[in-house]
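In what follows, a structure is listed as structure tokens, so that the remarks can point back to it.
One is the number of the first residue; the rest follow in order along the sequence.
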Amino acid sequence: MSHQHTRLAVVGYGYWGAKHARVLSSVPGVDLVVVDNDPGRREEARWGCPNADLTGDLAAALDFVEGVVVATPPRTHGEIAHRALRAGKPVLVEKPLATSTSVARSLVDTAAEHGVPLMVGHTFEYNAAVWKLREMIHSGELGRVLYIDTARLNLGIYQNDVDVIWDLAPHDLSIISFLMGERPGSVAAWAHRSVGARHADVAYLRLQLEQSLIPAFVHVSWLDPQKVRRVTVVGDRKMAVYNDLLDEDRIRIYDIGVDSTDPGEPVDTPAMPVTYRTGDIVSPHVVFREPLLVQDTHFIDCVRTGERPSTPGESGLDVVRVLSASDAARKSGHEVAVREEHGLLDGRQVLLARAQLGGTPS
Ligand SMILES: NC(=O)c1ccc[n+]([C@@H]2O[C@H](COP(=O)([O-])OP(=O)(O)OC[C@H]3O[C@@H](n4cnc5c(N)ncnc54)[C@H](O)[C@@H]3O)[C@@H](O)[C@H]2O)c1
């Protein structure tokens, strides 16, 4: 990356926007403007990010930045990102890209119309441990993948505008698609609201991948006594566990398995239907760099060169489709196919979304 000068805006200086501001200001040649409509948050930025300019006025900032990072609550992503894209600025939007398929689709279309990169903050796709897991799957080391299981639990931050699925599952959905190179084709969902009157705080998703039909299970919770950040890939040769909370041994590969010996005889046969294999547990060395820094450095490259991001708006749209399908699955109580139109009844809704966001319905 060349050390040319680049001016970027971080919109939203909350929990996560402050982390973006920290990593972006560590990159040589980057000048920052922090945009937050809460004066208290701007005051925090004055201390946390002393070299940044501060404003509550996005329009003013858009006049003199070359790229925009949107780290505001999910329901505001659509409007802010549209304004930036229509001003011709490359945009990195935090996950989830939007809170409906129509708005997510409209963002992808607007970026294409203006010829500017749109990137989604699927941070785990910039995580060296996830790259290692993917390499092990694709090299065949784990054998045929039988299923994937993920858990993202703790006493989490209850969000105002989205439930626990829309808040936490985007990470797992992006990890699963990245690992397997395919999208979920269907989803079943169970969710429960334990505290408060607003959103579900515990949920389980069961996905089936589009082509391989491999199942994947996602458990997310804001109401669990233990912090868990785990991805398990069970293959028919070996199994791998990625524990994001460990400083070392983030990935452990278990050389264990179960083989069927079932000869198809009547079920009352006394023989065990399986045999067990046990072997070593090894932990591959993974050179780790802070994923948010890797992600944001890539965004800066996209701003400077106009290149297409590794996690483009389309990936964000794919995840939003699965989230919308999971809403439909919860309501119906059935497994639901993930389709283009999830959250989108027809093309008129895209036009409506654009009109509501201030764009020209073309
Ligand atoms: N990639 C990750 O691992 C990760 C982790 C946490 C959060 N996130 C995402 O980051 C985003 C922000 O989450 P958070 O936890 O930091 O939220 P937060 O509530 O802590 O902060 C949001 C900030 O945005 C500001 N804001 C709201 N509307 C605005 C507007 N219209 N213009 C300017 N500022 C506005 C608020 O004043 C606040 O300071 C969400 O999309 C969330 O899903 C991503």
Side-chain angles (χ1 to χ4, degrees), residues 93 95-98 101 104-105 107-108 118-152 165-166 168-189 203-220 229-242 244 251 253 291 295 298 308-329 334-344:
V93 184
K95 59 79 195 167
L97 177 61
T101 310
R105 160 59 69 196
L107 285 174
V108 169
L118 170 63
M119 176 165 162
V120 65
H122 289 169
T123 325
F124 282 90
E125 294 188 43
Y126 299 90
N127 183 311
V130 176
W131 297 340
K132 185 71 193 171
L133 212 47
R134 185 181 201 232
E135 189 187 304
M136 287 183 324
I137 293 170
H138 289 269
S139 70
E141 184 175 351
L142 303 183
R144 185 168 58 88
V145 174
L146 301 176
Y147 74 90
I148 298 179
D149 184 272
T150 71
R152 196 168 296 279
I165 297 178
W166 284 78
L168 297 182
H171 289 311
D172 301 296
L173 298 174
S174 83
I175 291 171
I176 290 165
S177 293
F178 178 76
L179 290 179
M180 300 305 295
E182 59 176 317
R183 300 176 298 193
S186 66
V187 56
Y204 295 82
L205 304 181
R206 189 192 67 219
L207 311 161
Q208 189 174 48
L209 296 182
E210 205 168 31
Q211 285 139 31
S212 61
L213 307 183
I214 290 168
F217 306 93
V218 174
H219 179 194
V220 285
R229 299 283 185 261
R230 191 184 59 223
V231 178
T232 306
V233 182
V234 174
D236 65 357
R237 282 187 57 214
K238 293 181 184 173
M239 305 180 189
V241 178
Y242 160 38
D244 190 49
I251 295 186
I253 306 167
Q295 173 194 284
H298 176 55
R308 182 177 162 80
S310 316
T311 49
E314 287 83 350
S315 299
L317 171 60
D318 282 343
V319 163
V320 169
R321 270 195 202 121
V322 181
L323 297 168
S324 297
S326 80
D327 283 349
H334 299 294
E335 184 173 5
V336 161
V338 179
R339 292 191 306 267
E340 165 66 34
E341 66 272 24
H342 262 117
L344 255 186

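- Between Met136 and Ile251 there is a side-chain heavy-atom pair separated by less than 4.5 Å.
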List the steps, then state whether side-chain contact (heavy atoms from CB on, under 4.5 Å) holds for Val187 with Val338. CA-CA 7 Å; Val187 56; Val338 179; 4.2 Å; yes
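- In this structure the side chain of His298 reaches within 4.5 angstrom of the side chain of Met119, judged on heavy atoms.
- Contact annotation: the side chain of Leu179 approaches that of Val231 to within less than 4.5 Å [non-hydrogen atoms, C-beta and beyond].
- The closest side-chain heavy-atom distance from Asp327 to Val336 is not below 4.5 Å.
- Residue Phe217 qualifies as enclosed at atom CZ: its count of foreign heavy atoms under 6.0 Å is above 12.
- When all heavy atoms of Val120 and Gly316 are compared, the closest pair comes out as CG1-N, 3.7 Å.
- In this structure, Val220 and Leu205 have side chains that are not in contact, with every pair of non-hydrogen atoms separated by 4.5 Å or more.
- Residue Leu317 holds its CG atom at 9.0 Å from OG of Ser324, rounded to the nearest 0.5 Å.
- Shown here for Leu323 and Pro170, the closest heavy-atom pair between the two residues is CD1-CG, 4.0 Å.
- Annotation: side chain of Leu173 is in contact with side chain of Leu207 (closest heavy-atom distance under 4.5 Å).
- Scanning all heavy atoms of the two residues, the minimum distance from Ala329 to Ala189 falls at CB-N, 3.9 Å.
- Checked against Asp318 for a salt bridge (charged side-chain N to carboxylate O under 4.0 Å, His left out), the options Arg105, Lys95, Arg183 give a single hit: Arg183.
- Taking CD1 of Ile175 as the reference point, atom CG of Leu133 lies at 9.0 Å (rounded to 0.5 Å).
- At least one donor-acceptor pair under 3.5 Å links the side chain of Asp236 to the backbone N or O of Arg144.
- Counting all heavy atoms, side chain and backbone alike, Val322 lies closest to Pro184 at CG2-CG, 3.9 Å.
- Side-chain contact, Ser310 with Glu125: no donor N or O sits under 3.5 Å from an acceptor N or O.
- Classification of the His171-Phe124 ring pair by plane angle, with boundaries at 30° and 60°, yields perpendicular.
- Side-chain atoms of Arg308 and Glu314, non-hydrogen and from C-beta on, do get closer than 4.5 Å to each other.
- Side-chain contact between Arg237 and Leu142: absent, with no pair of heavy atoms (C-beta onward) separated by less than 4.5 Å.
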Applying side-chain contact (heavy atoms from CB on, under 4.5 Å) to Arg206 and Glu335, what does each step give before you reach the verdict? CA-CA 8 Å; Arg206 189 192 67 219; Glu335 184 173 5; 3.3 Å; yes
Does the pair Ile137 and Val145 meet the rule for a side-chain contact (heavy atoms from CB on, under 4.5 Å), with working shown? CA-CA 8 Å; Ile137 293 170; Val145 174; 3.9 Å; yes
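- Between the side chain of His334 and the backbone N or O of Ala328 there is no donor-acceptor pair closer than 3.5 Å.
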Take Arg230 and Val241, measure what side-chain contact (heavy atoms from CB on, under 4.5 Å) needs, and give me the verdict at the end. CA-CA 7 Å; Arg230 191 184 59 223; Val241 178; 3.8 Å; yes
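- A salt bridge is absent between Glu141 and Lys132; no separation between the charged side-chain nitrogens and carboxylate oxygens falls under 4.0 Å.
- When every heavy atom of Thr123 is checked against every heavy atom of Gln295, the shortest pair comes out as CA-OE1, 3.2 Å.
- Smallest separation of non-hydrogen atoms from Ala129 and Tyr242: CB-CE1, 3.5 Å.
- In this model, no donor atom of one side chain and acceptor atom of the other lie less than 3.5 Å apart for Ser315 and His122.
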